[in-house]
Amino acid sequence: MVEAHEAMTWSVIKGSVEEWSSVLLVLAFPLAGFLINGLWGRRLPKKVVGFVACGAIAGAFIASLYQLVMNLALPPLQRSTQVIVYPWLEAGPVKIPFALLLDPFSIAMALTVSGVSFLIHVYSVGYMAHDEEFSRYFALLNLFVFFMLLLVLAGNLATMFIGWEGVGLCSFQLISFWFTRERAAEAGRKAFIVTRFGDFGFLVATLGLLAIFGTLDFGDIAIAIQTNEIVKPWWGGEVHTLDALNKPTIIGLTLGTLICLGLFMGAVGKSAQFPLYVWLPDAMEGPTPVSALIHAATMVTAGVYMVARLHFLFEQAPIALTVIAVIGAFTAAYAATMGCVENDIKRVLAYSTISQIGYMFLACGLGAYIAGFYHLITHAFFKALLFLCAGSVMHAMHDVLDIRRMGGLAKKMPTTALTFWIGGLALAGLIPSGLFSKDTILHAAEQQKALWILGLLTAVLTAFYTTRLGIKVFHGKPRDEQLYEHAHESPDIMTIPLIFLALGTLAVSVLWMPPFLAGHWTVLPQYLQPVFGEIHEPSAQEALSSTLWAIGAASLGLIVGLVVYVLKPGMLWGLARTLPWVYQLVAGKYFVDEIYAALFTRPGRRISELISAHFDLGVIDATVNGVGWLTAKIGSTARRMQTGFVRNYALFFVVASVLLLFYMLVRGVMMTR
Amino acid sequence: MELGIPLNWVLALSAILFSLGALGVLIKRNIIVMFMSIELMLNAANIALVAFSRAHGNLDGQVIVFFTITLAAAEVAIGLAIIVALFRIKRTVDIDRAALLKW
């Protein structure tokens with residue numbers, strides 16, 4: 001572990017809402033945008049809807065920026081403040097407030113989220129201009145940003161969980177935004193159910209933490225672990241925190257490890273890692289800006305954020321960290337291979353996203369949280385950029401996604417092509433900022449040779465599929481003349497965000513430069529130091545050799561891509577023919593979808609059908625219908641009493657009175673006895 | 001209790017009158033007769049109240065009797081109005097002819 005941390009004390013100051021009310025603005029802007037567009041959007045003109053939505057996110061961005069400025073004004077050790085907005089769940093000794101945590105990490109993440117979101121919102125105004133459900137789209141997009149910022153700023157796991165589920169809900173809604181298309185509706189369901197599978201682990205782990213610590217507060221848990229406080233776990237007695245976390249369980253792992261693995265399970269679902277990645281490629285059914293915002297830049301990185309947020313806990317569970325690193329590295333390489341054979345422009349990028357998030361988890365698993373977070377930021381920029389370029393291409397190609405029908409588009413859409421190559425080369429790790437961030441991760445992995453080799457292999461594959469994608473879409477001869485004739489550059493409202501994102505991609509490299517370029521230019525690690533502790537900056541020489549490896553791997557991929565797709569286009573088919581089973585396996589996406597269908601989906605469907613046919617109809621419906629039938633039967637019998645003859649009614653009176661009197665008489669006699 | 005009629009006798013009279021009234025309501029078809037039977041029942045109750053009032057030596061029972069008389073007057077006003085209305089429609093006071101509101 002290169003970035004092993006010093007023993008550090010993370011102190012969190014408790015602040016009052018009155019004093020820190022400005023942080024509520026960060027959340028209030030997107031929520032207000034959602035309410036306005038959600039309630040009255042249909043009656044407002046599209047211009048107003050777009051303006052409100054973009055304005056809300058701009059407001060959130062400016063509010064986040066204000067928080068950054070305020071935060072920087074404080075001395076480093078006082079930069080973490082917990083703000084209790086109101087007491088939320090209070091039951092006996094358990095007190096879970098609705099709390100926010102303002103610290104360098106959450107502010108940096110909030111800035112990334114709101115900044116990228118703003119550009120994507122602006123782009124969406126152009127992209128969705130002709131959609132009839134314009135206002136629903138923007139209402140949901142604003143709601144998504146609200147939940148994402150809530151997730152980021154949350155001060156305890158319960159508050160984070162609201163955001164966590166909220167972004168899942170918005171993701172589901174936006175994937176199946178065009179719900180009249182069967183495939184979109186199905187993709188939304190798939191995303192929702194698969195991520196829910198991971199959320200189960202997250203929830204169980206959260207409850208486990210609550211049962212041990214009696215609190216879900218990030219700061220309190222961190223301090224309990226640092227000072228090895230005495231806690232009262234559910235099995236009774238009073239034990240030291242570390243003993244509680246190291247308590248062995250029946251399956252051999254310690255309790256702490258199990259909790260961390262449960263949390264990681266949630267991260268695996270949300271961040272689309274192996275084996276729960278299957279929903280992300282299908283999520284591309286949603287509108288492209290949604291793919292850019294939710295399924296590339298922000299939501300899918302929430303898992304990484306959560307793991308880094310709880311790093312003090314994960315550090316107590318080395319086995320869990322190893323699992324994270326291995327799954328991350330494996331997913332990175334595994335998803336990259338599928339990216340190499342996919343022909344759908346958005347799905348290539350989806351596999352690439354899975355693969356890049358794998359890198360981030362690799363970094364977190366190795367304890368290099370800041371490296372992982374750095375890659376998260378740069379990835380947010382260049383992957384959002386790439387997706388928006390793909391959207392621009394789709395716009396020009398009448399929603400054709402198949403790269404085999406594209407080609408030569410650089411001449412028709414120069415801005416899109418140029419910005420795509422900036423994003424693509426950053427993704428491949430050949431230009432900053434992708435180069436720097438990927439390099440810090442690979443450098444952190446250098447000691448673990450197996451992981452390092454997987455990382456380098458991924459770098460080769462990444463460069464290869466990026467080159468393939470770029471060349472097939474933008475260069476060579478157009479393969480579909482008719483489509484090519486109609487292609488045109490997108491309007492300014494779409495290209496300007498592209499340019500800004502491209503500039504942003506290059507600009508975020510100033511956050512952390514390698515030592516051989518600019519001395520100790522480490523803005524990001526310095527700012528995050530109160531949260532994650534000091535990093536060990538490698539010497540210039542070490543860093544240079546590591547960077548050369550990374551560039552070498554990426555260049556190899558680039559060169560192979562150029563050779564195969566520009567110089568000798570026939571070569572690849574020869575390869576596919578000589579190794580048919582390999583090609584079949586990869587092109588069939590390792591048949592994971594089919595395996596899941598056979599193992600889970602179909603048996604699940606069968607069981608559901610059985611329950612529906614027997615339990616639902618036979619028991620539940622039968623009970624409900626039976627109650628109704630009985631009521632009707634009693635009514636139809638009893639109404640005969642209503643004869644219409646006054647005499648009958650009088651008789652009922654008299655008989656009832658006599659019976660009542662008789663009863664009282666008997667009772668009186670019994671009591672006097 | 002000074003010389004006079006014993007309480008039980010008065011109560012017996014009240015019970016007999018009440019039963020006669022109830023019987024009248026049950027077996028008569030003429031609505032006016034039924035109406036008179038109801039008055040009989042009310043007054044049987046009045047007799048019982050007055051008898052108890054005298055037996056216990058306070059005026060509570062007699063006060064209630066005044067209320068009952070007022071109530072009976074109001075009832076007669078409404079009841080006779082209904083009977084007249086019914087007669088105008090049906091041209092009869094036979095209550096069994098007015099058995100339309102049923103299942």
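Below, read A as the first sequence line, B as the second, and so on, with proteins coming before strands; counting in each chain starts at 1.
- Other residues, nucleotides and ligands contribute only 12 or fewer heavy atoms inside 6.0 Å of the CZ atom of A:R42.
- Using a 4.5 Å cut-off between heavy atoms, A:Y649 contacts chain B through its side chain alone, with no backbone atom that close.
- In this structure, B:F18 places its CZ atom where only 12 or fewer heavy-atom neighbours from other residues, nucleotides or ligands lie under 6.0 Å away.
- The two residues B:V25 and A:A650 come nearest to each other via the heavy atoms CG1-CB, 3.9 Å.
- Contact record, B:M34 with A:V646: CE-CG1, 3.8 Å, taken as the closest heavy-atom pair.
- The contact between B:I95 and chain A is made entirely by side chain atoms (from C-beta outward), counting heavy-atom distances below 4.5 Å.
- Between chain A and the options B:D96, B:L100, B:L101, B:I27, heavy-atom pairs under 4.5 Å are most frequent for B:D96.
- The number of heavy-atom neighbours closer than 6.0 Å to CD of A:E90, taken from other residues, nucleotides and ligands shown, is above 12.
- Contact record, B:K102 with A:Q642: CB-O, 3.2 Å, taken as the closest heavy-atom pair.
- Within 6.0 Å of atom CZ in A:F192, more than 12 heavy atoms from other residues, nucleotides or ligands are found, so the atom counts as buried in its surroundings.
- At most 12 heavy atoms of other shown residues, nucleotides or ligands fall within 6.0 angstrom of atom CZ in A:F200.
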